[in-house]
Amino acid sequence: MDFLLSDDQTALQSELRRFLTDRVDHDLRTAAAELPGAIDRVLWSELASLGVFGIHAAEDDGGVGLGLAEATVVFEELGRVAVPGPTISTCLAATLGVEGAADGTAVVGLIRADTLLVEHLDGLDTLLVHHDGLVETVAKPDGTLLPRPLDPLTPVSQVEAIPAGDEISKAGERVIQQGRLLAAAFQVGLGQAAVDLGTEYAGQRQQFNKVIGSFQAVKHLLADAVVGIDIARAGVHAAAVALDEAAASDGANDSGGRSMSVDAARLVASEAAQRACEACIQVHGGIGFTWELDAHLFLKRSLALDATFGTVHSSHDAVAATL
Amino acid sequence: MDFLLSDDQTALQSELRRFLTDRVDHDLRTAAAELPGAIDRVLWSELASLGVFGIHAAEDDGGVGLGLAEATVVFEELGRVAVPGPTISTCLAATLGVEGAADGTAVVGLIRADTLLVEHLDGLDTLLVHHDGLVETVAKPDGTLLPRPLDPLTPVSQVEAIPAGDEISKAGERVIQQGRLLAAAFQVGLGQAAVDLGTEYAGQRQQFNKVIGSFQAVKHLLADAVVGIDIARAGVHAAAVALDEAAASDGANDSGGRSMSVDAARLVASEAAQRACEACIQVHGGIGFTWELDAHLFLKRSLALDATFGTVHSSHDAVAATL
Amino acid sequence: MQLAPTADEAAFRAELRAWLAETLPGLAPKPDDREDWTAKSDYERMWQRTLFDAGYAGVSWPKEYGGRGSTPAEELIFLEETEAAGAPYVGCNFVGTLHAGPTIGAEGSDEQKKQYLPGILRGDDIWCQGFSEPEAGSDLASLRTTAYRDGDEYVVNGQKMWTSNAQVARYCELLVRTDPDVKKHAGITWLVMPMDAEGIEVRPLKSLTGGPEFSEMFLHDVRIPVENRVGDENDGWRVAMVTFGFERGTAFVSELLGTMALVADLVELAKRSGHWDDAGIRHGLARVSAELDAQWAYTKRNVSRAARDGNTGVGGSIFKLGYHETRHRLGDIAMRVLGRQGLAMGTRVSDEDHVEERLYALSLSIAAGTAQIQRNIVGERLLGLPRER
Amino acid sequence: MQLAPTADEAAFRAELRAWLAETLPGLAPKPDDREDWTAKSDYERMWQRTLFDAGYAGVSWPKEYGGRGSTPAEELIFLEETEAAGAPYVGCNFVGTLHAGPTIGAEGSDEQKKQYLPGILRGDDIWCQGFSEPEAGSDLASLRTTAYRDGDEYVVNGQKMWTSNAQVARYCELLVRTDPDVKKHAGITWLVMPMDAEGIEVRPLKSLTGGPEFSEMFLHDVRIPVENRVGDENDGWRVAMVTFGFERGTAFVSELLGTMALVADLVELAKRSGHWDDAGIRHGLARVSAELDAQWAYTKRNVSRAARDGNTGVGGSIFKLGYHETRHRLGDIAMRVLGRQGLAMGTRVSDEDHVEERLYALSLSIAAGTAQIQRNIVGERLLGLPRER
């Protein structure tokens, strides 16, 4: 057992963080929010060349062939800058060998067949639908872009019906499970970004002739936030590693005790991200309630992710079913 | 509308508080905890002479004939000193004209017929049972005093069966509702006592060369505690006044909007009391976890009251049923 | 303790209710466009004028400056009945009728009262508030906007923040620093700034829910006549606190009653969607509902205290701390009930917009004194705990 | 990131599991009387001796002073397997094996190591801790118990608090103030106090759950040989912190795994009583279970960090803050499931005593550093926020 990031994982993380910190900033996010439905294709292809979409796809399918552990490292980094676009579903599509997903030439969405709300519809090249354990490709339906999405970076269209499609995989449950896992990793990143932003502000902002971060009311809010995120991160990694190791060894290894399920990891990550984002807004006071700051984008994205690949509420049911 | 205490109510409150502050102190509570099941008959008769048990009983039955509003004022005061003994059920018995309840010569218990745990069994003169809207007197069953009650001041006996009894009232639902109301008032008193105790300590105790009450972590814990208690008190009073005014006018007065239900008041009071008592323990640190201090008695009594006259959990159901 | 109405209160409620039943159906529909600030404010001014003509403007204002001079209890009834009847909100008339107006009534000269108060009551003049600054939020008294005397005028420079309705206001109640060399509370002056003065630049800020609810306001050499000063020079902090002292416990009544309606709507939605079978959601809503009921009872206590003592003490802080927590909890339940319907605001799956409300709830622990500041107030003023330092 | 065991780890687990399966059935039953502190400690000493004889004592102690010298991962396996097998707890050997022993190992002289360490490992000598005082809780360094030199002895006077196992301990690791004239951290000395010395009065304190878990200890002119000093005079604060530095992230492992068992028992109880149909309770338990799983993962991260860096940084504080919150939440759910059965401890409606556990949980935000102190540590050391003042 060595549950710290390996050197390779740390290098992957650093490379991605270096790129994303420069590239995906407040201005980029603001611009994306003002063009709902559009996808920044240049950024998309840069992300692809960094291996973001192909991270867990087989090398034969143009992927990087790494595990879910690496994928969670990647998606936490994407979350830390709240990168716009359907990155998770495109990454999942790549694992299914969907044309163009791994190399960034296709933007792919993935929804359950029983929803009439489709995220990012206008910008999609391919829409996948999941039902009854199957994944199908469907013709992109017409939809009405809703004017006021919960998350400005998650444009949502209302469609009349989801057309019938062509089956491309029977591994729908597995794919959706991976989607929940990556959503949880993304939420950990969002929460960490909120902690960082809140901490930076609390360390500079003065009121009553003191840096506000010296007030316990502020310090403890941020401490509780980072506690939640740190523990949630471990949970997400554990769920990923458990799946990777089970896949590698068909479950023969006894790592002792029970392992972390994806639904458990997601539930914890969702709570932690929400708490951290709300703490960030609270620490900022009024300015945290405006678009001057990205705190609202972190919170809203986390809330939007709560409703993808099955709701967080359903993850409660899933965990309860194992008890 | 004038929702402050009337002069008479304030006088009642002051008189009772003056008596109880002197009379029911740490030593008395500790002594009572060491004699589980025993009732302090001298105190009992003093309480009776102050009108505690007869407060809401008709004057014809030897009662004081005041409203539930006054009764909640009284029981908050009893809660503030965590007075030992089945005061609520004895007060309820007095409203039913049970012999000796109002004048303090009888100690009366009241349970639901479907429980096999009886509070204060050894000390009771009379046991009332509530089922299907009826109140009955039953012969006191034999019981085994459990060695480790949740609340040292709420001794609990296990009985084999509740014997059949003689009906004394068909107003069982109303009586139990009043029991919940007085339990909520008692909890408000417990919570206020916890706030007072915690505040006093926080204003004296020094660590790091500062009075700990100046630390926001402590100050805000107590502030949230008193916020909860103050609002809960208003809720309990409103529920009492609503019942009194409905009884007086058969509901003809339009005081505007909806009124506070007993279950709603109870639910809020229970949450507030628990929060305040836990804050008190936390503020005290280690000493709050010992019997040196009464903080634990306040919390435990509040938890025990959560399970009387129907559980708090069932009050959630009752409120939901009105939505 | 009496919740039943007095004969006067009952009569007032009946009369008002009749008037509302008669008046509201004839009202123009509320403007729908969330972004059209002028249409919104015109509508609210029209409503204020309607109230004025019927004798319901300034229910809580003393008669001597044009109000109805009613008791706090009747003010509560007014707010309750207008909310229940679905009447328009006070909206952009908030600062005028509840902050600036009462301040001028208490501290202004006779000329100032004559000049400003009627316009507020009639809905002619919208006011905004220029108190907070980027560097002076919780620590309001550290404000930096300066004013120096130049003949009969003050010349004002600085930046204000969180100014609601700046786009449509005629006047601004403004706090400026006139003496930088004394302790921070001692060098502040209260001015009436006409919003058409030269040198005012208003920049709307987009709020979390997407609307331009408030603005930044940049002041460059804005000249304000000395006669616009209310109270003495450097006495503005006290004057501003008089405003806050007008608190009668009713500031959140419409909001609280509105939240009860929100709960009722969410309950209906949950029943329709099957979420009502989930005891967690059902009990969660029961708790929220019970808390709101208790907060409503507490509001009546505050109002009764204001009637007796003139103000509610720390009652406003206590209410706000309880209320914001309940709203946060409600918002979380709403998102669970909505599921994927929560992905957008304005989808009208029911009468209320629960997504917008969930986001809006975040402001309740920030605006008008953060939860942290309110806890300091309660801990220090009510519990008597020592200040830090 | 690798959770799968190495070959060594797998072998260690297999060997240990086999030994436990063979050994535990032959063990005497645990003494039942909650109040009989001596019977309890005798039993725990017997178990320590059994571990010692089998080579499992001091799994995490360096070999050079008698331990097994295992990796933190193997220590984790040890704790996991003993917990899973229902082996006795470390109990009264806690201070010796985890605090005093490692400190002496790191800072003591060769004579001291020879004198004290074998007795700890064999379970012969129980240790207690004399650090906290009535006026020095969170602010431990402000301790007031004094010691002055008188020839070859220190003469100690003062009062200690929260001393677990004082009734049965042979030695006490004691912090005393030897120089009152310097800054508070600089005048402290670390001594080994034999508990049979004259002048020690132990007064058990009843804890919230009713047991005598800890005591006050009054020290009147207690004479302690100078040779019992570990480290230099006035260097005791550093010596004591070395103890805390031994933290390998495993302090709460048995406790965490025990809580998982508690949840499983409560789930069974809820299923039997019908409360499982209540989605609020079901989802609440799901959340608690998920949080415990994440805390277990975080423990593995801490242990891995300790293996690499020698300690977990603020990982212990982070774990504790998460864990206490989960336990508080679990306690509330348990009381709802129990209903009136919650009116007493020890009623054995199921395998676990959920009422006692609910009360015990309150100590988790207090003992070994309050939640407030832990949040300061995380806010300052991890986030880099400034200290107050």
Side-chain angles (χ1 to χ4, degrees), chain B residues 1-6 9 69 195 199 202-203 210-211 213-216 218-220 222-224 226-228 230-242 245 248-249 253-261 263-269 271 313 315-323, chain C residues 1-6 9-10 13-14 73 76-77 80-81 84 257 260 263-264 267 276 279 282-283 285-287 289-291 293-305 307-308 315 317-319 321-322 325 371-372 374-380 382-389:
Chain B
M1 184 194 88
D2 175 15
F3 193 44
L4 299 180
L5 268 64
S6 68
Q9 288 164 340
V195 168
T199 301
K210 281 193 191 178
V211 172
S214 71
F215 291 113
Q216 286 185 335
V218 171
K219 184 184 293 176
H220 290 188
L222 290 166
D224 278 336
V226 79
V227 162
D230 261 13
I231 293 175
R233 179 185 293 113
V236 168
H237 287 166
V241 171
E245 292 182 357
S249 72
N253 274 328
D254 181 2
S255 62
R258 47 184 197 183
S259 63
M260 187 90 202
S261 74
D263 284 300
R266 187 208 195 175
L267 206 158
V268 172
E271 289 280 353
H313 202 45
S315 286
H316 277 86
D317 283 323
V319 172
T322 67
L323 297 182
Chain C
M1 289 186 285
Q2 182 203 329
L3 290 172
T6 63
E9 289 163 2
R13 184 186 296 275
L76 191 72
I77 290 168
E80 197 179 354
E81 290 295 328
L257 297 171
M260 290 177 177
V263 172
V267 167
W276 191 248
R282 206 165 62 235
H283 293 166
L285 284 167
R287 181 175 170 193
S289 173
E291 287 174 353
D293 282 345
Q295 287 154 17
W296 181 226
Y298 191 74
T299 298
K300 291 177 180 168
R301 179 139 291 170
N302 271 341
V303 164
S304 301
R305 199 175 290 133
R308 201 178 283 186
S317 296
I318 288 178
F319 174 86
L321 284 166
E325 212 178 278
Q372 286 71 32
Q374 308 288 3
R375 291 189 188 107
N376 278 346
I377 289 172
V378 172
E380 290 161 16
L382 179 62
L383 299 180
L385 292 170
R387 296 173 64 89
E388 275 186 288
R389 197 77 36 86

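In what follows, every chain begins at residue 1, and chains take the letters A, B, ... in the order their sequences are listed.
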> Does C:S289 reach the main-chain N or O of C:L285 with its side chain, forming a donor-acceptor pair under 3.5 Å?
Replying inline: no

> Which one, B:V211, B:L267, B:L222, B:D317, leads in non-hydrogen pairs under 4.5 Å with chain C?
Replying inline: B:D317

> Parallel, tilted or perpendicular: which fits the ring planes of C:H283 and B:H316, with parallel below 30° and perpendicular above 60°?
Replying inline: tilted

>> Heavy-atom cut-off 4.5 Å, strictly under: side chain, backbone, both or neither for C:I77 against chain B?
In response: neither

>> Can you tell whether the side chains of B:R266 and B:D263 come within less than 4.0 Å, N to carboxylate O?
In response: no

>> Does C:E80 form a side-chain contact (heavy atoms from CB on, under 4.5 Å) with C:R13? I'd like the steps, not just the answer.
In response: CA-CA 9 Å; C:E80 197 179 354; C:R13 184 186 296 275; 3.3 Å; yes

>> Between C:E9 and chain B, with a heavy-atom cut-off of 4.5 Å, which part of the residue counts as in contact: side chain, backbone, both or neither?
In response: side chain

> Any idea which of C:V378, C:I318, C:L382 has the most non-hydrogen atom pairs under 4.5 angstrom with chain B?
Replying inline: C:I318

> With a 4.5 angstrom heavy-atom cut-off, which part of C:L76 approaches chain B: side chain, backbone, both or neither?
Replying inline: side chain

> Quick one: of C:Q295, C:Q374, C:E380, who has the most non-hydrogen atom pairs under 4.5 Å with chain B?
Replying inline: C:E380

> Hey, are C:E291 and C:R287 close enough for a salt bridge, meaning a charged N less than 4.0 Å from a carboxylate O?
Replying inline: yes

> So, the side chain of B:K219 versus the backbone of B:A202: is there a donor-acceptor pair under 3.5 Å, distance only?
Replying inline: no

>> Please classify the contact of C:E325 with chain B as side chain, backbone, both or neither, using a heavy-atom distance under 4.5 Å.
In response: side chain

